[in-house]
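Here's the structure we're looking at; comments come further down.
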Amino acid sequence: MSESEHNIAANFIHDIIDADLKSGKRTDVVTRFPPEPNGYLHIGHAKAICLDFGTALKYGGRCHLRFDDTNPEAEDEEYVNAIKEDVKWLGFDWGEHLYWASDYFETMYEYAVRLIEKGKAYVCELTQEEFKDYRGIPTEPGKKPPGRNRPVAENMALFEKMKNGGFEDGACVLRAKIDMASPNLHMRDPAIYRIKRATHHNTGDKWCIYPMYDFAHCIEDSIEGITHSMCTLEFEVHRPLYDWILRTLEVYQPQQIEFARLNLTYTVMSKRKLLELVRENLVNSWDDPRMPTLCGLRRRGFTSEAIREFCSIIGATKVESLSEVELLESCVRDDLNANSLRAMAVFDPIKVVIENYPEGLEEQLEVPNHPQKEEEGMRTVPFSRELWIERTDYMDDAPNKFKGFTLGREVRLRSAYLATCTDVIKDGDGNATELRCTYDPDTKGGSAPDGRKVKSTIHWVSAKHAVETEVRLYDRLFTVENPLADKGRDFKEFLNPESLQLITAKLEPGLAKATPGTRYQFERVGYFCVDPDSTEEKPVYNRTLTLRAPRKIS
RNA sequence: UGCCCGAUAGUGUAAUGGAAGCACGUGUGACUUUGACUCACACGGUCCAGGUUCGAACCCUGGUCGGGCAACCA
């Protein structure tokens, strides 16, 4: 893959970078993707990843992968590998630049000491509840906490005691001493270090105090020489604090730039809510193909190319928006249409008996793997006297527009023969149970030597050779565009009860060999891929998407 | 009723003081050995009111509407 394929459309962030480069404020571009290892990545993260890595690529800079592991209670090693895998799968490479916030704990501690020395931080013994009262409300200034004017030496001693485990968890915190009257609540003496006796996945039990996000993140960026630190809109009000900390510390200052997070119709994007779905078994796992997680989308059959394309198209702005999932699906179909091989599968079968086809005869027919790409070659598909076709490809007294069998009409069996329906066998309720046909032996391949046209082409599978497999038909997870729109109702009330339907389908025999991840277009049906649950005896296919526009039988 | 941010077709974005474009979507038609793909056409927009200017989506003022912020989460 060329680098240009990873580039993203220009956006306001690039305008800022262009200006910075032009003015000489920056001479290079260094970005970072800083996930907290406390959950799986979803397509919202893909937007951030594409922005972070794509921007670095565009400007010939670099992008760091940095795990923001400052809260051992929430984080787990389990997520680290999954995150790395997802970033790689998306097509990005951090090279040497893998970092951990915990790598900097020593420096952060020293920086905190520096703040204390400057009289810009103090140990505060107020409980969380008490400080809430001191902080006050947005419309009124807060009150100064009692310990605020403690002498530097005392703060130093207390902070050291915090570090050395001399206090119970939660007994006190270190606060930045900024402005208890600030109209920005984040500037009202925010906590920057808390006591937490938790075993950290990297540093073990070395520390019992851990830095808060606001203190840690800007320092991480500063240490790594990040030039442009992109994050989502909710951190906008944190920016003055980001700048204050680095300015007060008198260290290198990256620029934080905020953009709007991705929202997608018919799904939810918050880690917490996705976790809820997993915990309550409303989906099967984090990688359930209905989930917007990258592992879920991957298992569903979405390609990383399509996701990157989508991220490029949606761009980056500061406008909170809700993107239509149709756009994502369009990107996926574009990719899959161009790149997946074709096959035939019948989902709701009805038997067709070709009465003038010799019993016992079998032919191996040549069928193109990709009609638009000759270089994909041909495969052989067995044909015999009895076939399966879709039940919906037969209709009594069908109108002219109908593309399928009706009594007396000749249709094309895809890449096989022209055949005419001569009789229909029905059950007591009048439902067709079997079609009797005759075929024209001179039409092998599907075209008539006399040039006569048939307007219908349908897919089929030889009954004798068909492979029966489980197919999982996935649909949208929710029935409404925005499950969170109604604040009075739980988003889970809008779960789509038909988001997963299991069926057994008849597949052409070549599909029995199933390597997980392999993608096909089942002609006239949709895009499918082999699920990891597949075994040699029992392949399982997932429906990625239907073809564009549901079939209209009229 | 504090502070911060935002507002361009249904949706997502472009236009950075000089012709409001593109994509998705929707509709119609053509083509078709996939009702797909492809192609053509159509639908449809600058939140409001003032101001600056020869000229405003863009700059200014005032509104309106939407979002964010009061974890020892990130």
Side-chain angles (χ1 to χ4, degrees), chain A residues 9-12 15 34-36 38 68 70-71 73-75 124 126-128 131-132 135-142 169-175 182-188 190-196 209-210 212-214 216-217 231-240 258 260 262 265 271 310 313-331 333-334 337-338 342 344 367-368 371-372 401-404 411-416 418 445-447 453-459 481 521-527 546-554:
Chain A
N11 55 51
F12 78 100
D15 293 344
E36 182 186 17
N38 71 343
D68 209 359
T70 57
N71 183 5
E73 278 172 356
E75 295 144 13
C124 172
L126 253 22
T127 63
Q128 220 173 135
F131 186 75
K132 204 172 163 183
R135 178 166 39 218
I137 54 173
T139 48
E140 290 167 24
D169 283 17
C172 51
V173 296
L174 184 70
R175 293 192 179 285
S182 171
N184 181 345
L185 268 355
H186 294 278
M187 299 297 273
R188 319 248 265 225
I192 58 175
Y193 257 98
R194 79 284 218 186
I195 304 170
K196 231 184 234 286
I209 56 171
Y210 292 95
M212 300 285 295
Y213 167 86
D214 283 314
H217 203 90
C231 63
T232 45
L233 248 29
E234 69 268 27
F235 291 103
E236 213 156 17
V237 283
H238 294 239
R239 186 169 5 106
E258 310 84 13
L262 170 68
T265 54
K271 274 187 204 169
F310 171 72
I313 291 173
I314 57 169
T317 64
K318 301 191 71 153
V319 187
E320 303 214 29
S321 57
L322 178 61
S323 292
E324 291 177 337
V325 74
E326 286 85 347
L327 179 58
L328 206 212
E329 292 173 346
S330 164
C331 295
R333 286 195 184 97
D334 273 358
N337 176 54
R342 312 287 125 121
M344 289 193 284
V367 179
Q372 278 90 46
K401 303 160 64 174
F402 180 72
K403 299 232 186 184
V411 309
R412 176 165 34 239
L413 297 164
R414 174 74 157 150
S415 299
L418 301 185
S447 39
K453 300 285 181 204
V454 292
K455 60 180 180 188
S456 308
T457 301
I458 66 170
H459 59 282
E481 286 201 339
Q521 183 200 90
F522 292 169
E523 285 188 298
R524 302 210 304 141
V525 181
Y527 298 99
T546 60
L547 294 187
R548 193 153 358 222
R551 300 173 62 199
K552 282 179 286 186
I553 309 292
S554 52

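Side chains are part of it too, since the values below use all heavy atoms of this structure and drop only hydrogens, waters and symmetry mates.
Regarding R188(A), its CZ atom lies at a distance of 16 Å from the C1' atom of A71(B), rounded to whole Å. As rounded to whole Å, 14 Å separates atom P of A71(B) from atom CG of L126(A). The distance from atom OH of Y193(A) to atom P of A74(B) is 12 Å, rounded to the nearest whole Å. Distance CG (L547(A)) to C1' (U34(B)): 7 Å, rounded to an integer number of Å. As a whole-Å value, the separation of L233(A) CG from C3(B) C1' is 15 Å. With rounding to whole Å, D68(A) atom CG is found 13 Å from C73(B) atom P. Atom CD1 in I192(A) sits roughly 16 Å away from atom C1' in A71(B) (whole-Å rounding). Atom NE2 of H238(A) and atom C1' of C73(B) are 10 Å apart (whole Å).
A donor-acceptor contact shorter than 3.5 Å is absent between the side chain of R194(A) and the backbone of V173(A). Here the side chain of T265(A) pairs a donor or acceptor atom with the backbone of V325(A) at under 3.5 angstrom. Side chain of S321(A) to backbone of S323(A): no donor-acceptor contact under 3.5 angstrom is found. R412(A) contributes no side-chain N or O that, together with a main-chain N or O of G445(A), makes up a donor-acceptor pair within less than 3.5 Å.
In this structure, Q128(A) reaches the C72(B) phosphate: one of its side-chain N or O atoms is under 4.0 Å from OP1 or OP2. Side-chain N/O atoms of K318(A) include none lying less than 4.0 angstrom from OP1 or OP2 on G68(B). Side-chain nitrogen and oxygen atoms of R524(A) include at least one within less than 4.0 Å of the OP1 or OP2 phosphate oxygen of G35(B). The side chain of R548(A) contributes an N or O atom lying less than 4.0 Å from OP1 or OP2 of C37(B).
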field: Protein-to-nucleotide contact annotation, 5' to 3' order, nucleotides 7-17 of chain B [B base; S sugar-phosphate only; - none; under 4.0 Å, heavy atom]
entry: S--BSSSS-B-
statement: In B/S/- notation (B base, S sugar-phosphate only, - none; protein heavy atoms under 4.0 Å), nucleotides 39-48 of chain B written 5' to 3' is ----------
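Both P34(A) and P371(A) lie close to RNA chain B; mapped to their nearest nucleotides by heavy-atom distance, the more 5′-ward contact belongs to P371(A). Closest-nucleotide positions on RNA chain B for N337(A) and I137(A) were compared, and the one nearer the 5' end corresponds to N337(A).
Taking the six-membered ring for Trp and thresholds of 30 and 60 degrees, H238(A) and H186(A) have ring planes inclined between 30 and 60 degrees apart.
With distances taken from any side-chain atom of E523(A) to the nucleotides C73(B), G35(B), U34(B), the minimum falls on U34(B). Distance from the side chain of Q521(A) is smallest to U34(B) among C37(B), C73(B), U34(B). Distances were taken from every side-chain heavy atom of T457(A) (C-beta onward) to each of C5(B), U34(B), C72(B); the shortest belongs to U34(B). The nucleotide whose nearest atom lies closest to any side-chain atom of R135(A) is, among A36(B), G35(B), A71(B), A71(B). Checking G35(B), C69(B), A74(B) against every side-chain atom of V237(A), the shortest atom distance belongs to C69(B). Nearest to the side chain of R412(A), among A70(B), U33(B), A36(B), sits U33(B). Of the candidates C24(B), A71(B), A74(B), the closest approach to any side-chain atom of K132(A) belongs to A71(B). The side chain of P138(A) lies closest to G2(B), out of G6(B), G2(B), A74(B). The nucleotide whose nearest atom lies closest to any side-chain atom of R414(A) is, among U33(B), C3(B), A74(B), U33(B).
To the nearest 0.5 angstrom, Y193(A) atom OH is 5.5 Å from I209(A) atom CD1. Between R333(A) atom CZ and R548(A) atom CZ the span is 6.0 Å, to the nearest 0.5 Å. Rounding to the nearest 0.5 Å gives a distance of 4.5 Å between CG of L262(A) and CD1 of I314(A). Here the CD-NZ distance, from E258(A) to K318(A), works out to 4.5 Å after rounding to the nearest 0.5 Å. Taking CD of E36(A) as the start and NZ of K271(A) as the end, the distance is 5.5 Å to the nearest 0.5 Å. If you take CZ on R524(A) and CZ on R342(A), they are separated by 14.0 Å, rounding to the nearest 0.5 Å.
Taking every heavy atom of both residues into account, N184(A) and P240(A) meet most closely at ND2-CG, 3.6 Å. Closest approach of I458(A) to G404(A), counting heavy atoms only: CG2-CA, 4.1 Å. Of all the heavy atoms in R414(A) and P371(A), the pair that sits closest is NH2-CG, 3.4 Å. G136(A) and R188(A) get closest at one heavy-atom pair: C-NH2, 3.8 Å. Between S182(A) and M187(A), the shortest heavy-atom distance links the atoms OG-CB, 3.4 Å. The two atoms that bring G446(A) and L418(A) nearest to each other are O-CD2, 3.6 Å, heavy atoms only.
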message: Could you write out RNA chain B as dot-bracket? Rules: Watson-Crick or G-U wobble, both distances under 3.5 Å, brackets [ ] for crossings, | for pairs with another strand, dot for unpaired.
response: .((((((..((((....[..))))((((((.......))))))...(((((..]....))))))))))).....
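Every salt bridge (Lys or Arg N to Asp or Glu O under 4.0 Å) that K196(A) has, sequence neighbours left out, goes to E73(A).
By the rule that a glycosidic angle within 90° of 0 means syn, A70(B) does not qualify and counts as anti.
For the C1' atoms, the distance from U34(B) to A42(B) is 27 Å, rounded to whole Å. U16(B) and U8(B) have their C1' atoms separated by 14 Å, given to the nearest Å. To the nearest whole angstrom, the two P atoms, one in G18(B) and one in C58(B), are 12 Å apart.
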Heteroatom pairs (N/O) under 3.5 angstrom, protein to nucleotides 29-31 of chain B:
none

Please list, for nucleotides 58-60 of chain B, all pairs of protein and nucleotide N/O atoms separated by less than 3.5 Å.
none

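N71(A) comes within 4.0 angstrom of the backbone, heavy atoms only, and of no base. Using a 4.0 Å heavy-atom cutoff across all strands shown, F522(A) reaches no nucleic acid atom at all. Within 4.0 Å (heavy atoms only), K196(A) reaches sugar-phosphate atoms of the nucleic acid but no base atom. Within 4.0 Å (heavy atoms only), T70(A) reaches sugar-phosphate atoms of the nucleic acid but no base atom.
Side-chain to base pairing of Q372(A) with A36(B): one donor and one acceptor N or O lie within less than 3.5 Å of each other.
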- request: Give the C-alpha distance, both sets of side-chain angles, the deciding distance and a yes or no for side-chain contact (heavy atoms from CB on, under 4.5 Å) between H217(A) and F235(A).
  value: CA-CA 11 Å; H217(A) 203 90; F235(A) 291 103; over 6 Å; no
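At a threshold of 4.5 Å between non-hydrogen side-chain atoms, the residues L547(A) and Y527(A) count as touching.
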